[in-house]
2 protein chains.
Amino acid sequence: MAKPIPTIKEIARKLNVSASTVSRALHDHPRIGLKTKERVKKLAGELGYEPNSQAIFFKQQKTFVIGVILPSIREEFFSQAISGIEAVTTQSDYTILFAQSYDDYKREVIVAETMKRQRVDGLIISLSKETTKLQHLEAFKEMNIPVVYFDRVPAGDACHKVSCNMKTGTVEMIHWLFSEGLKRIAIINGPKALFASKERLAGYMEGMQQHKLKVDMQLVEETDFSEDSTYKAVSNLLSLKKLPQAIISFNDYVHMDAVKAALKKKVKVNRDLLFVSYSNLNITGYTSYPPAASIEQYPYEQGKMAAEILFQLLNNKQNTDQSYIRQQLIPKLVLH
Amino acid sequence: MAKPIPTIKEIARKLNVSASTVSRALHDHPRIGLKTKERVKKLAGELGYEPNSQAIFFKQQKTFVIGVILPSIREEFFSQAISGIEAVTTQSDYTILFAQSYDDYKREVIVAETMKRQRVDGLIISLSKETTKLQHLEAFKEMNIPVVYFDRVPAGDACHKVSCNMKTGTVEMIHWLFSEGLKRIAIINGPKALFASKERLAGYMEGMQQHKLKVDMQLVEETDFSEDSTYKAVSNLLSLKKLPQAIISFNDYVHMDAVKAALKKKVKVNRDLLFVSYSNLNITGYTSYPPAASIEQYPYEQGKMAAEILFQLLNNKQNTDQSYIRQQLIPKLVLH
DNA sequence: AAAATATGCGCAAACGTTAGCGCAAAATAT
DNA sequence: ATATTTTGCGCTAACGTTTGCGCATATTTT
């Protein structure tokens with residue numbers, strides 16, 4: 001019943017040869033005779049032999065597995081990103097050990113440790129929004145396991161990372177809004193701690209200043225991404241004496257909640273008040289009020305690039321070159 | 001520079017004790033003296049020792065990894081399902097080896113083989129829509145690796161599976177449509193090969209017959225899930241002499257494309273023609289024309305149940321009981 | 001015919017960890 | 001004081017695979 005999983009040893013025993021001969025025969029080693037090779041391969045086929053990667057990788061101190069930690073796969077942004085990663089790993093016969101942090105720092109630490117124990121060959125991670133300390137990830141460096149961050153990346157320079165330059169993107173957005181004649185531009189930003197929020201804010205400031213528009217901090221709101229929090233932000237903006245003419249939402253999800261809130265307040269969306277956003281997700285195409293413009297952040301490409309950088313690091317094991325790779329994608333403003 | 005990854009051996013050497021003592025000390029084995037335990041744990045902490053799961057699992061012939069193969073994580077249904085799976089695996093210190101088939105049979109075969117080589121302890125899979133042969137998965141059984149199917153399950157009885165009873169759900173849907181006074185009910189079904197399509201069709205037939213509505217096969221269309229294909233299906237339905245009063249779409253994605261098509265044809269969606277669907281995804285809440293009713297298929301719960309069944313099988317390794325576990329969830333009709 | 005080379009295969013060690021067994025010394029019971 | 005138990009630890013083998021080395025036998029070159 002519980003048929004034993006066929007091993008090289010078993011094949012060797014049945015064929016009265018040594019395990020090394022079987023191993024070499026299966027790998028077409030030149031020093032093994034043709035007849036022996038055939039006998040081995042035939043039996044291996046019949047038995048349905050599958051090499052035990054666990055054993056091989058254990059011996060080689062390599063797993064051919066890379067860890068991927070994302071905040072939440074339910075977000076289209078991340079599900080596209082992981083597909084980009086997968087596109088690269090598949091080509092190199094790597095597999096993905098997957099976990100979500102659910103934007104929970106503690107969980108991120110736990111799953112990171114699990115992956116460390118599993119001896120992933122490398123790690124690709126997009127940080128949880130709570131994450132400020134990086135010890136759990138520094139530990140990978142000490143074990144010589146390369147880590148590549150993407151999208152939600154740490155601020156410092158001492159890491160490999162891929163991200164979109166949201167500052168540039170935001171400046172471009174402001175340009176466009178200005179060219180449409182809109183001057184009172186509000187922004188619903190993410191939590192201040194997020195690097196992504198800082199970038200957006202910096203871009204907002206710069207864009208406004210480039211057009212000699214004075215920055216009114218009443219127009220800068222914040223959301224923790226919950227629907228309630230976004231609702232509050234919209235309420236605040238709509239209760240200003242001088243109403244904003246445009247609202248930039250942190251991403252398409254915030255955008256959708258913001259529109260929902262505005263509709264409740266009887267705002268004529270995209271007529272009285274223009275809504276624009278980041279991410280450019282497919283789903284907004286199905287909604288009643290897609291953003292008038294959205295900044296494409298290329299999640300698939302970001303994932304792909306992160307994976308490519310990781311493989312570059314894996315193949316440069318000698319690590320002669322200690323510099324850090326930092327790639328920035330130029331986001332694109334997409335008009336709808 | 002390339003600091004060696006700390007091992008038990010290294011700790012043993014530095015402390016002048018044997019490797020077995022270190023191993024036992026770290027596991028709080030009663031036969032190890034208190035002082036020794038402390039010395040070992042202290043050094044292990046300083047060195048940042050992490051047990052090498054690869055080695056342990058190799059020895060134990062167990063990986064504490066389960067494979068998960070899904071058609072596409074971009075679909076909210078599957079991203080919810082994997083979260084359900086993860087909720088269970090986390091509790092048991094298992095990790096997820098993840099891959100997508102992209103609804104491509106060949107890819108499904110390839111990733112299944114990779115997982116076999118990686119010696120996953122078990123596999124959870126939702127079949128690609130192209131999959132009709134199951135040899136690549138039968139191979140797992142021969143290696144005594146349990147396989148649990150969910151949602152897109154094989155038709156036969158000889159497997160463990162979790163799914164929603166879409167026949168019941170469809171009958172219920174017809175009941176409701178009938179109670180709303182609608183009698184000419186069309187359905188845009190999925191590819192005939194899919195078990196899910198067969199179930200829906202069976203439910204459709206039964207529902208119609210229960211209300212003495214004659215089944216007009218002109219009202220039964222089919223889509224391969226591409227936007228074009230769905231567009232064609234809608235066109236066909238709208239060119240019938242007697243127009244349908246309601247359209248049941250295979251899922252919410254088909255529904256959204258169907259609505260898009262209908263709008264192009266100047267149909268007053270949900271007024272002249274009622275659109276209903278399956279899946280009850282969150283995103284439809286943000287769309288202009290959410291389905292008037294949708295059948296909740298509990299993806300999170302399906303994933304969770306599949307994982308629970310898998311663990312049940314893993315813990316019953318003796319496999320005394322050779323029966324197959326088949327769970328059916330009762331779908332719920334949600335009105336919008 | 002002897003020497004050099006090529007061919008075909010086995011032996012043994014190694015990767016990191018665990019667990020059964022055994023052995024000495026210390027502690028307890030007789 | 002002797003017998004028994006307990007405590008603390010080391011030795012060894014094992015998991016499946018790969019690989020350097022070595023040893024025959026077979027083939028080719030002088």
Side-chain angles (χ1 to χ4, degrees), chain A residues 2 4-41 43-44 47-65 116-121 143-145 317, chain B residues 2 4-41 43-44 47-65 116-121 143-145 317:
Chain A
I5 295 182
T7 68
I8 280 192
K9 285 188 180 180
E10 203 186 328
I11 298 178
R13 201 166 31 76
K14 293 198 177 172
L15 253 38
N16 269 324
V17 293
S18 76
S20 23
T21 301
V22 174
S23 172
R24 282 190 257 248
L26 291 172
H27 287 85
D28 271 323
H29 191 285
R31 298 288 281 274
I32 300 296
L34 200 62
K35 291 166 303 181
T36 314
K37 278 185 190 170
E38 278 170 358
R39 288 204 310 147
V40 168
K41 287 182 183 173
L43 186 59
L47 260 50
Y49 169 76
E50 292 270 355
N52 184 337
S53 302
Q54 290 288 314
I56 299 172
F57 301 160
F58 163 61
K59 185 174 166 50
Q60 301 184 341
Q61 300 293 81
K62 215 168 176 275
T63 56
F64 278 86
V65 171
K116 224 177 343 176
R117 274 198 304 273
Q118 289 275 358
R119 295 288 192 272
V120 292
D121 287 343
M143 297 179 78
N144 253 37
I145 302 173
K317 250 317 187 195
Chain B
I5 295 182
T7 68
I8 280 192
K9 284 188 181 181
E10 203 186 328
I11 298 178
R13 201 165 32 74
K14 293 196 178 174
L15 254 40
N16 270 325
V17 295
S18 75
S20 24
T21 300
V22 174
S23 172
R24 282 189 257 250
L26 291 172
H27 287 86
D28 273 321
H29 191 284
R31 296 291 279 277
I32 300 295
L34 201 61
K35 291 166 302 179
T36 313
K37 278 185 191 169
E38 278 170 359
R39 288 205 309 146
V40 169
K41 286 183 184 172
L43 185 60
L47 260 50
Y49 169 76
E50 290 273 353
N52 184 336
S53 302
Q54 289 287 313
I56 299 173
F57 301 160
F58 163 60
K59 186 174 164 52
Q60 300 184 341
Q61 300 293 81
K62 217 170 174 270
T63 58
F64 278 86
V65 171
K116 223 179 343 177
R117 272 199 304 274
Q118 288 276 359
R119 295 288 193 274
V120 294
D121 287 344
M143 295 179 77
N144 253 36
I145 302 174
K317 249 314 188 198

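Here is how names work: the chains are called A, B, and so on, in the same order as the sequence lines, proteins then strands, and each is numbered from 1.
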Determine, answering yes or no, if A/Phe58 is stacked on D/dT17 under the 5.5 Å centre rule and the 30° plane rule.
no
Report the distance from atom OH of B/Tyr49 to atom CD1 of B/Ile8, rounding to the nearest 0.5 Å.
3.5 Å
Please determine if a side-chain N or O atom of B/Ser23 lies less than 4.0 Å away from the OP1 or OP2 oxygen of C/dT17.
no
Identify, between B/Lys59 and B/Asn16, the residue whose nearest nucleotide on DNA chain D lies closer to the 5' end.
B/Asn16
Angle, rounded to 10°, between the helical axes spanning five pairs at each terminus of the helix from C/dA1-D/dT30 to C/dT30-D/dA1?
50°
Could you tell me the separation between the NE2 atom of B/His27 and the P atom of C/dG16, rounded to a whole number of Å?
16 Å
Distance in Å, A/Arg39 CZ paired with A/Lys35 NZ, rounded so as to fall on 0.5 Å steps:
9.0 Å
Within the structure, does a side-chain N or O atom of A/Thr21 lie under 4.0 Å from either OP1 or OP2 of C/dG8?
no
Heavy atoms of A/Ile5 and B/Arg119 approach each other most closely as CG2-NH2, 3.7 Å
Using a 4.0 Å heavy-atom cut-off, does B/Thr7 contact any base of the nucleic acid, only the sugar-phosphate backbone, or nothing at all?
sugar-phosphate
5'-most contact on DNA chain C (nearest-nucleotide basis), A/Arg119 vs A/Arg24, goes to A/Arg24
How far does CD of A/Gln118 sit from CG of B/Asn52, to the nearest 0.5 angstrom?
9.5 Å
Report the distance from atom CG of A/Asn16 to atom OG1 of A/Thr21, rounding to the nearest 0.5 Å.
11.5 Å
Hey, does the side-chain of B/Ser20 have a donor or acceptor N/O within less than 3.5 Å of a partner on the base of D/dC11?
yes
Just the rounded figure in Å: distance from P of D/dG16 to CD1 of A/Ile11.
12 Å
What nucleotide among D/dG8, C/dG8, C/dT17 has an atom nearest to a side-chain atom of B/Ala55?
C/dT17
Where is the tightest heavy-atom contact between A/Val40 and A/Leu15, given as atom of each residue plus distance?
CA-CD2, 3.7 Å
Quickly work out the A/Gln60 CD to D/dT17 P distance and round it to whole Å.
12 Å
In whole angstroms, the gap separating P of D/dG8 from CG of B/Leu26 amounts to 17 Å
Can any side-chain N or O of B/His27 pair as donor or acceptor with the backbone N or O of B/His29 at less than 3.5 Å?
no
Could you tell me whether the side chain of B/Asp121 and the main chain of B/Thr63 form a donor-acceptor pair under 3.5 Å?
yes
Which one, D/dC15, C/dA19, D/dC9, comes nearest to the side chain of A/Lys9?
D/dC15
Nearest-angstrom distance from the residue atom NZ of A/Lys35 to P of D/dA26
11 Å
Flag side-chain contact, heavy atom, 4.5 Å: A/Lys41 against A/Asp28:
yes
Look at A/Gln61 and C/dG16 and indicate whether a side-chain polar atom (N or O) is within less than 4.0 Å of OP1 or OP2.
yes
Whole angstrom value for the distance that separates P of C/dC15 from CD1 of A/Ile56
18 Å
Between B/Gly33 and A/Pro6, who's closer to the 5' end of DNA chain D by nearest nucleotide?
B/Gly33
Taking atom C1' of D/dT18 as reference, at what distance in whole Å does atom CD1 of A/Ile8 sit?
8 Å
Write out a two-atom table: protein N or O, nucleotide N or O from nucleotides 23-29 of chain C, distance below 3.5 Å.
none

Integer-rounded Å distance: D/dC9 P and B/Glu38 CD:
12 Å
Students often get this wrong, so: under 4.0 angstrom with heavy atoms, is A/Tyr49 touching a base, only sugar-phosphate, or nothing?
sugar-phosphate
What distance do B/Ser53 atom OG and B/Gln60 atom CD have between them, rounded to the nearest 0.5 Å?
10.0 Å
